[in-house]
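Order of the sequence lines fixes the chain letters, A, B, ..., with proteins taken first and strands second; residue numbering starts at 1 for each chain.
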Amino acid sequence: MTSDVVIVGAGPAGLSAATVIAENDRSVVVIDEQPRPGGQYYRQQSAAVIATHGVHRAEGAALIERARRAGVQFRSGVSVWGVDDDRRTLLVSAADGTSIRRHLAPRIVVATGATERALPFPGWQLPAVTTVGYAQHLCAEGVRVGARVLVAGSGPFLLSVACSLVGVGVDVVAVLEEGTPYRPRAAGWKVAGHPQRLREFAAYRARLAAARVPVRSGRRVVSAEETADGLRVVEGPTVGTGRARQHTVDALNVGFGFRPQIDLLRLLGCGTRIDALSGDEVAVVDVDGATDLDGVWAAGEVTGIAGAPSALAEGLVVGAAVLRSLGAPLPEGLAAARRDVSRARAFASTLGRLYPAPRDLAALAAASLGDDALVCRCESVSAGQVRAAQFGGTDLQAVKAATRAGMGLCQGRECAPAVSALCGSPTAAFTVRPPLRPILLAAVAEHAAQVI
Amino acid sequence: MNATVQFRIDGYEVSALEGATLTAALLQSGIRGLRRDPVSNEFRGAFCGMGACFECELVVDGRTVRACLTPVRADMDVRTGATT
Amino acid sequence: MSVTADVLVIGAGVLGASTGFELARRGHRVAVVDRGSVSREGSGTTAGNLHVQAVHTRRPGQDVPLDARRFLPLQKAASDLWEAVPDLLGIDIELVRTGGFTVAETAEQLQELKLKGEWEREFGVQTVLMDQDTVHDALPALGPTVLGATWCAEDGYANPLLVTPAYLNAARRSGAQITPHAPVTALSRDHNGWRADAGATQLHVGAVVDTAGPWLADVAALAGVVLAMAPLTIQMHATTRMPPLLRNLVQHIGEGLSIKQVTSGTILIGGGWPSGPIAAGSRTASSMASLMGNIAQAVRILPVLGQMRLLRSWAGPLAATPDEMPVVGAVPGLDDFYLAGGTYAFTFAPLWAQTLADLVEGKQPPVDLSGLGPDRLVIEGGDHGQEH
């Protein structure tokens, strides 16, 4: 399969880039792992679900429709699991690891977005504990993650999800925020420079207040355990001593912000840097979103977490750069998009300063863990085992080798921040290698017979 | 158009909206534990809900899939509790 | 900081760890240093096989075949030593000796099996030659292209991620000092021995043992000897955890291939397929061509693997010599300087540990080392560090 451009990721950045490129008459294929385009932010439901529960984020549906009309070809429900040795051909499989196809394009836009940062506490592996993002997806389908729910972690996303939960009739017993972002301070005043975003934020708080959902700052989950009555969650103060509280809920939803999903960029061989506040790996790009690799651009959360408004604008900027490389005229709205990117990034960075730095959250989670608590969910590696890794030092890969932490099904996506905090590693990024997703050996063998 | 489809979870007939996320349909049937962890043998369930953590793996029509990426289809055969 | 020791071991991979342990338990004051983390490069990325029956002679892409007959007495001696290793180390290193098949798919390869059988008998390695029916009865999972195999009950494997740390712990218990992240940057003669700069530490030692794996020649160059060695990289592939389905090691007489299911349930597939250019600290890139080639071959030999899922791949370096044979012995022209390395270092680890300890003590080593010494690799007239 060939096209002028292949875009990986059908979220705000990928959609926006694809649309501008297709509207200027260049062929675009968008590859995405989810069953339907939209990514996580503009996640779209099936026709039957929409008929019953209505459209979730109508502006996303409109953007997808516009992209389709412009001729964007979507390949949904497929995973990029590897890159061939030409560092250009994407190897794509069905989501269940069968049937490999190749996508070769002279221009690649990586818009793979982000995953939620998870941090461990005793009981975080229980089925009644999920990320806040997943709880919100369920809301969009009209499904409640539980009748009684506790929301905990850190970041503004907790408020947004708590509102969605309230909207589908969930009894949200509390929102626990590890930091203390909602007290006035110097950084807070800078947020006032973004009135629209501030209104959005104020609306969340007003809605939670109206629903009598307490938002408690400086509080965190101490532990969760399954009981006959439901999930028993103990909350306590983030620092110092304070009263512990106990909740019995159907579900606990946790979130600690987002991490760029850079693994495809790494397989392509693009340059990355380590973000000091999070320890996460971030794509290195120029003002047009170009990576250090000719013909490869990155847009959206992979270039640093800044939210959907930034991703949309970055998609347009990258789309324009790709069009220029194809000899097409510059699209309209480029200057505005550049301004939107810098405004959105400035807002994200100001907002970020209100909350604890991800590395500090990870360090606190790590320091709070008893030796028996699970750190690596996939390989059942405990905090004690990581601490006992005698020769690992602060070398994350050596600790992985010594403990098996990060060797399991998720390939360290979930445990990297905590393992890195436990061993004092300067980076929270394991080495990226193929396959990015498990792949059926028969499919590899069949493909090898065709290409070798 | 009949938006509801019938399918099987561990041999039991259930119904859900066509194209709903399988984890959502399972949750509506009261099922949170989806796979068994091969080391601890504990049940695990959907955690990230976006295909990154693999905790929601189960077997659909004989293939191991992530339930959070799987839309409900008529007559699909879903088996939970596999060790993956 | 200044440290005095009897022996400095450079490189904390499996050879450095086992040699450090052997010397320490014989009562020597030992310092083991590594440029990075311990067990991190070749020893942390090897398949961990214990090869007892004669090995196949060419990795994919390998120009010069190794001398499999010359290997056999070394394999036999190493195999005998491995028996005692778990007790010596005092922990479970997941060592199993459940036997291995070396399969053949062509008439020519069947001839090779016969020839290697003669060598094995000559050196006392017990193997059984199996025809097509017998081998398919013995391992029904084998694919239809397999025409025969040799079976060796002593083939096995251990977990390399456990073995090297266990050796280092045992060495430490015997008094050895282990210092990771201390790259050796200078080596010079020092009245009765050697002076070494290793990270922030200056060492004064009686003898130097170079077990730096891929950087073996770089270390020798610091002492003024240029060796014709260049590191290679190879890669491994691993499936998700599976219930027990394969008890034995499966190899191929004509191609680079090894398949086994390890204690975790993961099936490991390797065979020396090349990966990208060497880069320290797990940064060597995997090769997709090797991934596909190795997997295709594994599925052909054991079709049941087709329904397994590939979860991981990794790449690591291999110290290689131009003749593909190991290198072990005293370095000509240098007093009190010994080295060991080259291919199959994991299998040979307990043997090279004894050999190096014996050489340091001026004793007769346990095996005949003729043809394996560093002398064959010395580039005459090579100046100090010139190649590097």
Side-chain angles (χ1 to χ4, degrees), chain A residues 81-87 89 91 93 96-98 100 102 266-269 378-380 388-404 406-412 423 430-452, chain C residues 12 17 34 36-40 43-45 159-162 164-165 168-169 172 178 180-181 235 237-241 264 266-267 269 275-276 279 281-300 302-315:
Chain A
W81 66 272
V83 173
D84 213 340
D85 294 331
D86 61 1
R87 296 285 179 101
T89 304
L91 300 168
S93 67
D96 63 357
T98 60
I100 296 168
R102 304 166 72 80
R266 282 288 306 278
L267 280 196
L268 287 165
C378 302
E379 292 288 318
S380 282
Q390 291 192 30
F391 298 106
T394 62
D395 178 341
L396 190 60
Q397 287 298 125
V399 170
K400 174 181 176 177
T403 63
R404 298 189 66 87
M407 285 192 192
L409 273 179
C410 88
Q411 286 295 284
C423 71
F430 287 112
T431 300
V432 176
R433 294 193 179 282
L436 299 181
R437 298 288 186 265
I439 176 105
L440 214 59
L441 265 62
V444 176
E446 233 166 80
H447 188 72
Q450 290 162 23
V451 296
I452 292 176
Chain C
D34 197 285
S37 298
V38 307
S39 188
R40 185 73 156 75
S43 302
T45 50
N159 186 341
L161 301 181
L162 299 175
T164 302
L168 289 169
N169 273 321
R172 193 181 262 176
I178 320 288
H181 302 287
Q235 74 189 44
H237 310 98
T239 68
T240 60
R241 289 175 183 253
S264 66
T266 293
I267 294 163
I269 300 167
S275 40
S282 303
R283 290 272 168 172
T284 299
S286 304
S287 151
M288 190 52 73
S290 286
L291 183 153
M292 288 190 181
N294 198 187
I295 296 303
Q297 175 200 41
V299 171
R300 192 181 76 231
L302 286 170
V304 65
L305 296 182
Q307 295 315 304
M308 319 276 134
R309 293 186 299 162
L310 180 69
L311 176 63
R312 295 185 288 136
S313 69
W314 63 90

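- Considering only heavy-atom pairs separated by less than 4.5 Å from chain A, the leading option among C:Thr45, C:Thr240, C:Asn169 is C:Asn169.
- When heavy atoms are compared at a cutoff of 4.5 Å, C:Leu162 does not approach chain A at all.
- Contact of C:Asn294 with chain A is not made at all, since no heavy-atom distance falls under 4.5 Å.
- Chain C forms more heavy-atom pairs under 4.5 Å with one residue of A:Pro435, A:Ala398, A:Cys378, A:Ala445 than with any other, namely A:Pro435.
- Taken from OG1 in A:Thr98 to CZ in C:Arg309, the straight-line distance is 11.5 Å, to the nearest 0.5 Å.
- Between the CG atom in C:Leu311 and the CD atom in A:Gln411 there is a gap of 4.5 Å [rounded to 0.5 Å].
- With a 4.5 Å cut-off on non-hydrogen atoms, C:Arg300 does not touch chain A at all.
- Contact annotation for A:Leu91: only side-chain heavy atoms (C-beta onward) come within less than 4.5 Å of a heavy atom of chain C.
- With values rounded to the nearest 0.5 angstrom, A:Ile439 atom CD1 is found 14.0 Å from C:Thr239 atom OG1.
- Between A:Phe391 atom CZ and C:Thr164 atom OG1 the span is 10.5 Å, to the nearest 0.5 Å.
- Proximity to chain A is absent for every atom of C:Ser39, based on heavy atoms less than 4.5 angstrom apart.
- Side-chain atoms of A:Asp85 never come within 3.5 Å of backbone atoms of C:Ser287 as a donor-acceptor pair (strictly under, hydrogens ignored).
- A:Arg87 approaches C:Ala285 most closely through the heavy-atom pair NH2-CB, 3.6 Å.
- Looking only at side-chain heavy atoms (C-beta outward), C:Leu161 and A:Met407 come within less than 4.5 Å of each other.
- Here C:Ser37 contributes atom OG and A:Gln397 contributes atom CD; the two are 10.0 Å apart, rounded to the nearest 0.5 Å.
- You'll find the side chain of C:Gln307 stays beyond 4.5 Å of the side chain of A:Leu441, heavy atoms only.
- Heavy-atom distances place no part of C:Ala12 under 4.5 Å from chain A, backbone and side chain included.
- Side-chain contact check for C:Thr266 versus A:Arg404: some heavy-atom pair is nearer than 4.5 Å.
- Atom OG1 of A:Thr431 and atom CZ of C:Arg312 lie 12.0 Å apart (nearest 0.5 Å).
- In this structure, the portion of A:Val83 lying under 4.5 Å from any heavy atom of chain C is its backbone and not its side chain.
- Residues C:Met288 and A:Leu267 are not in side-chain contact: their nearest non-hydrogen atoms beyond the backbone lie 4.5 Å or more apart.
- When all heavy atoms of A:Val444 and C:Met292 are compared, the closest pair comes out as CG1-CA, 3.9 Å.
- Contacts with chain A were tallied for C:Ala296, C:Ser290, C:Ser313, C:Gly276; C:Ser313 has the most, counting heavy-atom pairs under 4.5 Å.
- Neither the backbone nor the side chain of C:Ala238 comes within contact range of chain A; no heavy atom of the residue lies under 4.5 Å from a heavy atom of that chain.
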